[in-house]
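All ligand and atom numbering here is 1-based and tracks the order in the structure. Just so you know, residue 1 is the first one in the sequence shown, and it goes up from there. Every heavy atom of this structure was used, including side-chain atoms; hydrogens, water molecules and symmetry mates were not.
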Amino acid sequence: MAIHSYPGRLFNRLFCDFLHLHSSHYHHGRSKRLLISRFFQPMNLRDDRMTGAGRSSELSCKSQRLMLQAGLIQPANTGCFHYLPFTVRAMEKLVRVIDEEMQSIGGQKVDMPSLTSASLWKISERWDLLGKELFRLKDRHNVEYCLSPTHEEAVTELVAMQGNLSYKQLPLMLYQVTRKFRDEPKPRFGLLRGREFYMKDMYTFDVSEKAAMETYNLVSDAYTRIFEQLGLEFVKVQADTGSIGGKMSHEFQLPAEIGEDRLLMCSDCHFAANVEAMMGAETNCPQCHGKLRESKGIEVGHTFYLGTKYSRILGASYSNTENKPIVAEMGCFGLGVTRILAASIEILSTEDNIRWPGLLAPYQVCIISPKKGSKEELVTELAATLYDTLIDALPQLHGEVVLDDRSHLTIGKRLKDANHLGYPYVVIAGKRVLENPPVFEVSCQNNGKTVFLTQEGVLDFLRNVKVA
Ligand SMILES: [Zn+2]
């Protein structure tokens with residue numbers, strides 16, 4: 001044993017020295033610079049060939065076109081897309097925003113299987129009700145399953161299996177962010193209406209209808225805060241309960257021309273409803289008799305008060321103060337995660353350039369180095385030094401700054417790419433880096449303004465950037 005321990009110690013010492021040496025490198029970011037030339041992105045890989053947008057017969061829209069153009073998504077098969085690295089980063093940020101709000105009201109995150117057994121869906125009678133929208137399959141034992149579009153049955157069974165739930169544990173709020181599946185008759189508009197997508201779905205269990213309504217309002221308020229943080233205007237409308245069922249339902253809609261939902265909004269009060277939820281063709285507000293106007297929206301959130309529809313048939317109950325079993329009152333609450341991403345691009349972007357909600361931009365800052373062979377190339381290290389200094393001085397920007405090192409391209413061409421991708425801040429080491437002290441050009445996507453700043457000035461300027 002002794003013979004092994006000595007080299008072990010030696011190795012440990014050497015290893016510590018190694019770590020010590022390299023941690024300082026790491027700290028300065030030298031070995032970890034994010035270089036555009038290294039990104040996996042179709043526009044990087046194949047400069048001109050376009051992206052498959054024209055290949056399929058699906059209807060397209062602005063967000064889909066922009067996301068394809070910027071190499072954010074790649075069509076895989078009908079209504080299914082590869083989410084490429086930039087998209088995944090934006091989505092992870094969105095999930096962080098959602099997690100924070102769901103957990104601040106008591107939500108607990110779970111992760112349920114995508115495969116749900118047909119027998120469960122037969123109990124709720126939705127196996128037949130959903131018809132062709134449900135992706136169905138059989139395992140090797142000939143047992144039927146579906147790829148779940150939603151999890152009311154699964155979560156209710158999960159809770160029902162915990163037979164000893166006490167009233168003290170309620171409200172119970174379980175949620176997940178997972179892939180959902182729907183065999184859309186006409187997948188279209190990219191991530192807005194796909195066959196495989198991410199959804200946040202929360203299911204709540206309460207002691208009474210009154211308590212369930214309080215929970216309903218709690219979750220609705222959390223949704224409001226999410227859209228406010230993202231800077232997205234929304235309308236909350238009365239909605240049809242559809243195949244989910246239940247007693248009451250609202251949708252969160254983002255007004256947009258491309259929207260597939262027709263909304264009626266009162267010009268005099270706050271009344272708003274999905275046309276589907278209105279009885280007949282009303283033209284006057286049922287609350288104040290004011291005039292209703294129609295507009296289009298993209299549904300990004302849906303809330304339901306379910307009552308006991310699922311808990312009764314699947315036996316989800318709790319023990320009350322007298323230790324008697326009582327059927328729980330339920331709610332369910334969905335947010336279309338991938339749809340929110342695409343819808344925000346649809347709504348905020350120009351015809352040519354993506355604009356993200358600030359919090360969700362995949363990277364906050366892009367630094368463009370001088371072109372190879374230009375006079376400014378003499379000071380090319382300035383861009384890299386600025387990169388390292390930014391990350392050192394502003395820890396919140398760690399992992400948020402990329403360096404466009406494709407110095408064989410003109411600054412103009414790289415700025416155009418940066419604008420397509422929608423970095424909130426683009427810092428250019430252009431002609432004025434030859435001045436003393438060097439001056440950088442900072443262009444801000446969200447207000448279209450350009451400012452000229454020294455390195456110190458750039459640091460100050462980016463000090464308050466918020467990152468999800
Ligand atoms: Zn009204």
For this session: Just jot down the side-chain contact (heavy atoms from CB on, under 4.5 Å) partners of K324, sequence neighbours excluded, or say none.
Result: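 With sequence neighbours excluded, K324 shows a side-chain contact (heavy atoms from CB on, under 4.5 Å) to N320, given in chain and number order.
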For this session: Report, as yes or no, whether the 6.0 Å neighbourhood of atom NZ on K296 holds more than 12 heavy atoms from other residues, nucleotides or ligands.
Result: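 Atom NZ in K296 is not crowded, with 12 or fewer foreign heavy atoms closer than 6.0 Å.
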Salt bridge between [X] and [Y], side-chain N to carboxylate O under 4.0 Å?
X	Y	result
R96	D99	no
E351	R65	yes
R195	D183	yes

For this session: May I ask you to determine how many protein N/O/S atoms are under 2.8 Å from the Zn ion (ligand 1)?
Result: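 N, O or S atoms of the protein closer than 2.8 Å: 4.
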For this session: Specify the closest pair of heavy atoms between I73 and Q64, including all atoms of both residues, with the distance to one decimal.
Result: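 Smallest interatomic distance, heavy atoms only, reads CD1-O, 4.5 Å.
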